[in-house]
Amino acid sequence: VQLQASGGGLVQPGGSLRLSCAASGFTLNSYAIGWFRQAPGKVREGVSCISRSDGGTYYADSVKGRFTITRDNAKNTVYLQMNTLKPEDTAVYYCAGGFSCLTSEYGLGLVEDDYWGQGTQVTVSS
């Protein structure tokens, strides 16, 4: 059972990237899938989440309107389309699978986050 995140890279401010989270060993649409990021010296934060039941999507305020999370069941992959990237989006991005998306005063997370992929580096710089 494995999650594999990919698609990171170096992009100029205002540019776009699409991250992929591919699953092996389990069916991705049986889980809520979240994207998280961690910048150097900062705590990890939830960026976006897609629920397993109704496909509902959730976003951190800092990325709302710029990032879009989608699921391709045929490819067993969840994507994070990131547009209008800013230097403050620079971080290592991780995907994780859990029971459900969780929104609280503390931010966006996952209930029972069972699976985590390795990170992919996103650097936004001119």
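It should be emphasised that the depicted structure is a prediction, and the values quoted were computed from it without experimental measurement. All residue numbers refer to positions in the sequence shown, counting from 1.
Between Gly7 and Thr120, the shortest heavy-atom distance links the atoms N-OG1, 3.9 Å. Closest of all the heavy-atom pairs between Arg71 and Val78 is CG-CG2, 3.8 Å. Considering all non-hydrogen atoms of both residues, Ala91 and Ala39 come closest at CB-N, 3.8 Å. For the pair Thr77 and Ser20, the tightest heavy-atom approach, listed with the atom from each and the gap, is CG2-CB, 4.1 Å. Pairing each heavy atom of Ser125 with each of Pro13, the nearest pair is C-CD, 3.6 Å. Nearest heavy-atom pair, Ala23 versus Leu28, reported as atom, atom and distance to 0.1 Å: CB-CD1, 3.3 Å.
Sorted by first then second residue, the ring pair (Phe, Tyr, Trp, His ring centres under 6.0 Å) pairs that include residues 34-92, not counting sequence neighbours, are Phe36-Trp116. Within the structure, every pair that satisfies the salt bridge (Lys or Arg N to Asp or Glu O under 4.0 Å) test and touches residues 78-107, not counting sequence neighbours, is listed here: Arg37-Asp89, Arg66-Asp89. Annotation: disulfide (SG to SG under 2.5 Å) contacts involving residues 65-97, sequence neighbours excluded, comprise Cys21-Cys95. Screening residues 6-26 for ring pair (Phe, Tyr, Trp, His ring centres under 6.0 Å) gives Phe26-Tyr31, Phe26-Tyr115 as the qualifying pairs, with residues at least two apart or on separate chains.
Residue Leu102 holds its CG atom at 8.0 Å from CG of Leu110, rounded to the nearest 0.5 Å. Separating the CD1 atom in Ile69 from the CD atom in Gln81 is a distance of 12.0 Å, to the nearest 0.5 Å. The CG atom of Asp113 sits 11.0 Å away from the CD1 atom of Ile33 when rounded to the nearest 0.5 Å. Considering CZ of Arg52 and CD1 of Ile50, their distance stands at 13.0 Å, rounded to 0.5 Å. In this structure, the separation between CG on Leu10 and OG on Ser126 is 9.5 Å, given to the nearest 0.5 Å.
Proximity of a side-chain donor or acceptor of Gln118 to a complementary backbone N or O of Ala5 within less than 3.5 Å is detected.
With sequence neighbours excluded, the residues that form a salt bridge (charged side-chain N to carboxylate O under 4.0 Å, His left out) with Asp61 are Lys64. Judged as a ring pair (Phe, Tyr, Trp, His ring centres under 6.0 Å), and not counting sequence neighbours, Phe99 has no contacts. Annotation: side chain to side chain donor-acceptor pair (under 3.5 Å) contacts of Thr123 (sequence neighbours excluded): Gln121. By the salt bridge (charged side-chain N to carboxylate O under 4.0 Å, His left out) test, Arg18 is found to be paired with no residue, residues two or more places apart in sequence or in another chain being considered. Here Ala60 pairs with Ser62, Val63 under the side-chain contact (heavy atoms from CB on, under 4.5 Å) rule; sequence neighbours left out. Ser24 is linked by a side-chain contact (heavy atoms from CB on, under 4.5 Å) to Gln2, counting only residues two or more places apart in sequence or in another chain. Contacts of Val11 classified as side-chain contact (heavy atoms from CB on, under 4.5 Å), with partners at least two apart in sequence or in another chain: Leu17, Leu85, Val124.
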Run the side-chain contact (heavy atoms from CB on, under 4.5 Å) check on Leu108 and Val47 step by step: do they pass? CA-CA 7 Å; Leu108 188 60; Val47 174; 5.9 Å; no
The test is side-chain contact (heavy atoms from CB on, under 4.5 Å); show your working for Ser48 and Thr57 and say whether it passes. CA-CA 7 Å; Ser48 183; Thr57 56; 5.5 Å; no
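Cluster membership for Tyr94 and Leu80, using ILVMFWY side-chain heavy atoms within less than 4.5 angstrom, is not shared.
Other members of the cluster containing Val43 do not exist, because no ILVMFWY side chain is joined to it at under 4.5 Å.
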